[in-house]
Amino acid sequence: MTSKTGLPESETINVLRNRRSIRKYAPTPVSDAHVDAILSGALRAPTSSNLHAYSVIVVRDPETKSQLAVPCGNQKHIVDCPVFIAFCADLTRIESAFERNGHNMENNNLELGLVASIDASLVGMAAYVSAESLGIHGVMIGAVRNKPEDIAGILGLPDRVYAVFGMCLGFPTETPKQKPRMPVTGIVHHERYNADAALGAIDPYDVDLKSHYDSIGKESHPNSWTHEVDAKFSPRPRDGLRAALKDRGFDFT
Ligand SMILES: Cc1cc2nc3c(=O)[nH]c(=O)nc-3n(C[C@H](O)[C@H](O)[C@H](O)COP(=O)(O)O)c2cc1C
């Protein structure tokens, strides 16, 4: 298949090209069969060295979703969505494999934590795309890392497991305008990294994002993207995260 743009086309590419985060959901339930189908695709995601360093917690109970929303800054969509899925980095089975072979995980290092976090993210994204292919949309929730220990308590996560991100899923009742993306010329490099192109994408994106915000009536700074990024990330967000993850058995030092 070839699209209007002259590029090869597929259903999967179209699902991705049309996506946007959805935060408003119909009360229509997302059935167990839907969730099973979504996860049956997602769990075929590649996994580093076949480690399977992840676990997935499916949450439907309204009380649990309400509790989860609190450390996540009271995001309403967590309460409202029919199903919330937490994608967790999980080193417990790997620790067990070490122990069965006479070793322990006391000296675990950055690589293991990264591998588990990457693995969980790949499963999460695969679930997201699988869900969208069924008309079930949603939004990822990184705010579960605001207070990893609170989320662990609510979900009963043992040591060596932390929620990398969550995902609200449901049948959408909104179709927000797609948020523009950074110009592809700044993101995709051929053969060698082009620093001028990478940084050259910033000014046009500031303008593009500003006009997007204007078009949806959202107030924003004239240098929308650079201002937003600086305001959110220069004050060292989630500064206690490394210590919190260390407490959970992940050594990111
Ligand atoms: C790992 C991750 C965590 C996110 N966390 C949140 C969140 O906690 N709350 C929220 O409303 N959106 C969250 N988002 C959604 C982003 O804000 C959104 O993807 C981004 O602004 C681009 O918009 P779009 O998805 O509509 O294209 C998250 C996205 C990712 C990838």
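Numbers here simply count residues along the sequence, with the first being 1.
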Asker: Can you hop from I78 to V56 via hydrophobic side chains spaced under 4.5 Å?
Answerer: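 In one cluster: no.
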Asker: Has the side chain of R145 got a donor or acceptor atom that lies under 3.5 Å from a matching backbone atom of V164?
Answerer: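 Indeed, once roles are kept as given, a pair shorter than 3.5 Å links the two residues.
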Asker: Strictly distance-based, threshold 3.5 Å: is any side-chain N or O of Y54 a donor or acceptor partner for the main-chain N or O of L91?
Answerer: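 Flag not set: sc Y54 to bb L91 has no pair under 3.5 Å.
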Asker: Indicate yes or no for a side-chain donor-acceptor contact from R93 to the backbone of H52 under 3.5 Å, with no hydrogens or angles considered.
Answerer: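 A pair under 3.5 Å: yes.
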Asker: Distance from Q75 atom CD to N146 atom CG, nearest 0.5 Å?
Answerer: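 Reported to 0.5 Å precision, the distance equals 8.0 Å.
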Asker: Report, as yes or no, whether the 6.0 Å neighbourhood of atom CZ on R44 holds more than 12 heavy atoms from other residues, nucleotides or ligands.
Answerer: no
Asker: For residues 26-45, pull every pair meeting ring-ring contact (aromatic ring centres under 6.0 Å, His included), keeping only residues two or more places apart or in separate chains.
Answerer: H34-F171
Asker: Can you give me every donor-acceptor pair (side chain of residues 192-200, partner residue at least two apart or in another chain, under 3.5 Å) with its distance?
Answerer:
| residue | atom | partner | partner atom | Å |
| --- | --- | --- | --- | --- |
| N194 | OD1 | D196 | N | 3.1 |
| N194 | OD1 | A197 | N | 2.9 |

Asker: Please report the interatomic distance NE2(H212) to CH2(W225), rounded to the nearest 0.5 Å.
Answerer: 15.5 Å
Asker: Does R19 offer a backbone N or O that forms a donor-acceptor pair with the side chain of Q178 under 3.5 Å?
Answerer: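 Yes, Q178 side chain to R19 backbone: donor-acceptor pair under 3.5 Å.
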Asker: Is the backbone N or O of T92 less than 3.5 Å from a side-chain atom of S96, with the two atoms forming a donor-acceptor pair by type?
Answerer: no
Asker: So does R160 pair up with D90, basic N to acidic O under 4.0 Å?
Answerer: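 So R160 does not pair with D90 through a salt bridge.
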Asker: Under 3.5 Å, side chain of S234 to main-chain N/O of A231, donor-acceptor pair present?
Answerer: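 Looks like no, no N/O pair under 3.5 Å.
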Asker: Hey, is D32 close enough to R60 for a salt bridge, meaning N to O under 4.0 Å?
Answerer: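 Answer for the salt bridge query: yes.
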Asker: Can you tell if the side chain of S117 reaches within under 4.5 Å of the side chain of Y162, non-hydrogen atoms only?
Answerer: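 They are in contact (side-chain heavy atoms under 4.5 Å apart), so the answer is yes.
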Asker: Describe, in one word, how the ring planes of H227 and H221 are oriented to each other, choosing from parallel (under 30°), tilted (30 to 60°) and perpendicular (over 60°).
Answerer: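 If you compare the ring of H227 with that of H221, the planes turn out parallel.
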Asker: Quick check: do F165 and M125 have side-chain heavy atoms less than 4.5 Å from each other?
Answerer: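 Side chain of F165 against side chain of M125, heavy atoms only: no contact under 4.5 Å found.
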Asker: Thinking salt bridges, do K65 and D61 make one under a 4.0 Å N-O criterion?
Answerer: no
Asker: Checking S224 against Y205 for the side-chain hydrogen bond (donor to acceptor under 3.5 Å, both in side chains) test, could you report, in this order, the C-alpha distance in whole Å, the side-chain angles of both residues, the deciding distance, and whether it holds?
Answerer: CA-CA 8 Å; S224 55; Y205 191 58; over 6 Å; no
Asker: For a salt bridge (charged side-chain N to carboxylate O under 4.0 Å, His left out) with K210, tell me which candidate from D208, D214, D206 qualifies.
Answerer: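 One option only clears the test, and that one is D214.
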Asker: Would you say D119's side chain and A89's backbone share a donor-acceptor pair under 3.5 angstrom?
Answerer: no
Asker: Would V83 and V59 count as a side-chain contact (heavy atoms from CB on, under 4.5 Å) if you check the C-alpha gap in whole Å, the side-chain angles of each, and the deciding distance to 0.1 Å?
Answerer: CA-CA 6 Å; V83 63; V59 178; over 6 Å; no
Asker: How long is the span from the CG atom in L245 to the CD atom in E149, to the nearest 0.5 Å?
Answerer: 9.5 Å
Asker: Roughly how far, to the nearest 0.5 Å, is the CG atom of L169 from the CD atom of E132?
Answerer: 9.0 Å
Asker: Roughly how far apart are K177 NZ and T175 OG1, rounded to 0.5 Å?
Answerer: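 Spacing of NZ (K177) from OG1 (T175) equals 13.5 Å.
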Asker: If you round to the nearest 0.5 Å, how far is CD1 of I151 from CG of L68?
Answerer: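 Taking CG in L68 and CD1 in I151, the distance rounds to 5.0 Å.
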Asker: Answer whether the closest heavy-atom distance between the side chains of H77 and Y25 falls below 4.5 Å.
Answerer: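 Contact flag for H77/Y25 side chains = yes.
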Asker: Do I141 and M167 have side-chain heavy atoms sitting under 4.5 Å apart?
Answerer: no
Asker: For residues P176 and I22, determine if any side-chain heavy atom of one lies less than 4.5 Å from a side-chain heavy atom of the other.
Answerer: yes
Asker: E9 and N14: side-chain hydrogen bond (donor to acceptor under 3.5 Å, both in side chains), yes or no, with the steps?
Answerer: CA-CA 7 Å; E9 193 176 27; N14 285 337; 3.1 Å; yes
